[in-house]
Structure formats: structure tokens, C-alpha cells
Amino acid sequence: MADSKPKLPKSSEIEEPASSDRRGFLAASAVVTGAVCTLAPLGAAAVFVLDPLLRKKTGGEGDGDGFIKVATLDMIHEDGTPVEAKVIADRQNAWNLEKNAEIGTVYLRKVGENLICFSAVCPHLGCFVQFKGDHYHCPCHNSQFDIDGNTTNATPPRPMDTLECKVEGNDVLVKYQTFLAGLPEQVTV
């Protein structure tokens with residue numbers, strides 16, 4: 001009679017299972033592929049977010065040292081009367097670049113052979129200072145300054161902020177800066 005038990009293969013006839021090296025390689029490949037797929041978008045996002053912080057600041061028509069043309073010499077009054085001049089430059093705000101934008105206003109004044117430049121921002125709280133007759137006036141809180149930018153009442157904490165200026169040929173250039181308001185000393189923002 002025939003044996004009804006199934007016949008088991010001999011140990012020499014059994015195939016070896018797939019090698020563990022092959023499984024390890026596939027697992028490592030999956031991890032590397034997942035890392036690349038994850039890190040590539042994260043790297044792009046980091047570059048996008050950090051770009052405004054890392055980008056070199058640009059000005060408008062200047063000389064590379066931060067000076068911007070605001071007027072010409074023939075616009076300045078010989079009698080010392082202040083002349084209001086707009087500061088026009090490229091404005092970089094995070095990812096936005098606005099070409100030839102008004103970034104501020106200054107007052108230019110000729111005293112003898114010297115050129116004096118005042119910021120039109122009130123050092124009290126940052127409102128716009130106006131020249132009226134023979135003095136500067138801030139309409140927000142009645143800050144008053146004489147024609148030389150010195151305080152004439154107790155409201156402003158310091159005189160008007162002066163800015164560096166120079167003449168190149170017929171062009172008047174100003175190193176435009178903004179300052180913290182409300183402090184007794186001039187501190188650049």
C-alpha cells in the first residue's frame with residue numbers, strides 16, 4: 001500500500017529565502033528616496049522664507065554709499081530758506097520691490113557755503129514736519145523748531161534729525177536714514 005503521508009522535500013532541496021541584503025537595500029533606498037522627497041520642498045521653502053533677510057539692500061539712484069540724489073544746486077535758495085525735497089529710491093519690502101518710490105522727505109538749506117539737511121520726520125512721534133514762514137512746525141503735537149532745527153518748545157525730545165549730504169557736480173545727494181522717535185538722542189532704525 002502506498003504511504004498516504006505527503007512527502008517532505010529533503011533539506012538540500014529547499015530553496016533559500018530571499019537574501020536579507022536585498023531587503024536591506026530596498027529599505028535603505030526607500031528611506032533615501034523619502035528623505036529626498038521631504039527635504040527638497042523644505043529646502044525650497046526655507047530659501048523662500050529667508051530670502052528677504054539674506055537679500056542685499058538696494059537703494060535708488062545713489063553712489064553705493066547710501067547717498068541718493070534729491071535735488072540740484074540751482075533748486076537751493078541762496079538766502080537760506082529751506083527747500084523741501086522728496087527722497088525717491090527703490091523700496092524693498094520683504095518680497096516686493098517698488099521702483100522709484102517716495103521713501104521720505106528732507107529739508108535742504110544753504111548757510112554760507114555749507115549745505116544742511118534735516119529729515120522731515122518729527123523726532124517726537126514721527127509725524128511730518130512742515131516749514132511755515134520762519135520755523136518748522138509739527139501739526140500732530142505742536143512740536144516747534146527754529147530755522148536751524150533747534151527745539152523752541154518742550155514737546156520734541158531733541159532737535160530735528162540731521163542727515164549727511166554732499167554735492168557732486170550740480171547734484172545734491174543725501175544719505176537718507178530714519179531714526180527712532182521719542183528719544184533724546186538720534187538713534188538710527
Side-chain angles (χ1 to χ4, degrees), residues 50-189:
L50 295 176
D51 180 60
L53 299 174
L54 302 175
R55 187 179 301 154
K56 183 180 174 187
K57 302 266 186 218
T58 59
E61 293 180 32
D63 64 356
D65 291 333
F67 283 88
I68 301 168
K69 178 184 172 187
V70 295
T72 57
L73 274 179
D74 53 340
M75 296 170 64
I76 311 300
H77 301 296
E78 290 293 327
D79 65 358
T81 304
V83 173
E84 183 180 314
K86 303 293 181 192
V87 182
I88 307 295
D90 295 345
R91 181 185 357 226
Q92 183 74 40
N93 184 357
W95 296 273
N96 303 316
L97 174 63
E98 187 179 353
K99 293 280 194 180
N100 298 320
E102 183 179 322
I103 62 169
T105 303
V106 295
Y107 286 103
L108 299 166
R109 203 173 156 241
K110 192 170 185 182
V111 179
E113 293 301 313
N114 296 325
L115 193 60
I116 300 170
C117 181
F118 295 115
S119 171
V121 177
C122 183
H124 178 232
L125 292 177
C127 296
F128 182 77
V129 174
Q130 302 165 347
F131 183 72
K132 294 189 169 198
D134 63 348
H135 68 281
Y136 298 96
H137 172 77
C138 178
C140 295
H141 301 97
N142 286 324
S143 293
Q144 300 283 332
F145 307 90
D146 65 18
I147 196 162
D148 295 319
N150 298 312
T151 60
T152 59
N153 66 4
T155 305
R158 65 177 183 262
M160 291 178 69
D161 295 319
T162 57
L163 299 167
E164 289 182 59
C165 62
K166 64 182 180 179
V167 177
E168 288 184 357
N170 193 40
D171 296 334
V172 177
L173 294 105
V174 171
K175 189 169 191 173
Y176 188 75
Q177 298 175 304
T178 54
F179 304 96
L180 293 175
L183 300 176
E185 65 277 343
Q186 190 173 316
V187 178
T188 306
V189 174

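- Listed by chain and number, the residues in a salt bridge (charged side-chain N to carboxylate O under 4.0 Å, His left out) with E164 amount to none (sequence neighbours excluded).
- Taking the side chain as every heavy atom from C-beta outward, P139 and Q130 approach each other to under 4.5 Å.
- Taking 4.5 Å as the limit, some side-chain heavy atom of I147 sits within range of a side-chain heavy atom of P82.
- Partners of Y107 under the ring pair (Phe, Tyr, Trp, His ring centres under 6.0 Å) rule, at least two apart in sequence or in another chain, are Y136.
- For the salt bridge (charged side-chain N to carboxylate O under 4.0 Å, His left out) test, no residue two or more places apart in sequence or in another chain qualifies with K132.
- Atom SG in C122 sits 9.5 Å away from atom NE2 in H137 (nearest 0.5 Å).
- Contact of the V172 side chain with the L108 side chain is registered, since non-hydrogen atoms from C-beta on lie closer than 4.5 Å.
- Interatomic distance, CZ of F145 versus OG1 of T151, reported as 7.0 Å (0.5 Å rounding).
- Under the ring pair (Phe, Tyr, Trp, His ring centres under 6.0 Å) criterion, H141 pairs with H124, not counting sequence neighbours.
- Looking at heavy atoms from C-beta onward, L97 lies out of side-chain contact with R91 at the 4.5 angstrom threshold.
- Sorted by first and then second residue, the salt bridge (Lys or Arg N to Asp or Glu O under 4.0 Å) pairs with a member in residues 138-149 read R109-D148; sequence neighbours excluded.
- With sequence neighbours left out, the side-chain contact (heavy atoms from CB on, under 4.5 Å) criterion links A181 to no other residue.
- Residue I88 holds its CD1 atom at 8.0 Å from CD1 of I103, rounded to the nearest 0.5 Å.
- Sequence neighbours left out, the pairs with a member in residues 171-184 that pass salt bridge (Lys or Arg N to Asp or Glu O under 4.0 Å) are K69-D171.
- Listed by first and then second residue, the salt bridge (Lys or Arg N to Asp or Glu O under 4.0 Å) pairs that reach into residues 70-83 are E78-K110, sequence neighbours excluded.
- Within the structure, the disulfide bond (SG atoms under 2.5 Å apart) test picks out the following pairs touching residues 137-173 (sequence neighbours left out): C127-C140.
- In this structure the side chain of T188 never reaches within 4.5 angstrom of the side chain of T178, judged on heavy atoms.
- Counting heavy atoms from C-beta outward, F67 and L163 have side chains that stay 4.5 Å or more apart.
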Tabulate below the donor-acceptor pairs under 3.5 Å that side-chain atoms of residues 153-161 make, not counting sequence neighbours, or state none.
residue: N153; atom: OD1; partner: Q144; partner atom: N; Å: 3.3
residue: N153; atom: OD1; partner: T155; partner atom: N; Å: 3.4
residue: N153; atom: ND2; partner: N142; partner atom: O; Å: 2.6
residue: R158; atom: NE; partner: D161; partner atom: OD1; Å: 2.8
residue: R158; atom: NH1; partner: L180; partner atom: O; Å: 3.1
residue: R158; atom: NH1; partner: L183; partner atom: O; Å: 2.7
residue: R158; atom: NH1; partner: E185; partner atom: O; Å: 3.3
residue: R158; atom: NH2; partner: D161; partner atom: OD1; Å: 3.4
residue: R158; atom: NH2; partner: D161; partner atom: OD2; Å: 3.1
residue: R158; atom: NH2; partner: L180; partner atom: O; Å: 2.8

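- Taking the side-chain contact (heavy atoms from CB on, under 4.5 Å) definition, one finds that V121 meets it with S119, Y176, sequence neighbours left out.
- Taking 4.5 Å as the limit, some side-chain heavy atom of V87 sits within range of a side-chain heavy atom of V70.
- Atom-to-atom distance recorded for I68:CD1 and D90:CG is 9.0 Å, nearest 0.5 angstrom.
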Worksheet item: Could you walk me through whether F118 and T162 pass the side-chain contact (heavy atoms from CB on, under 4.5 Å) check?
Response: CA-CA 4 Å; F118 295 115; T162 57; 3.6 Å; yes

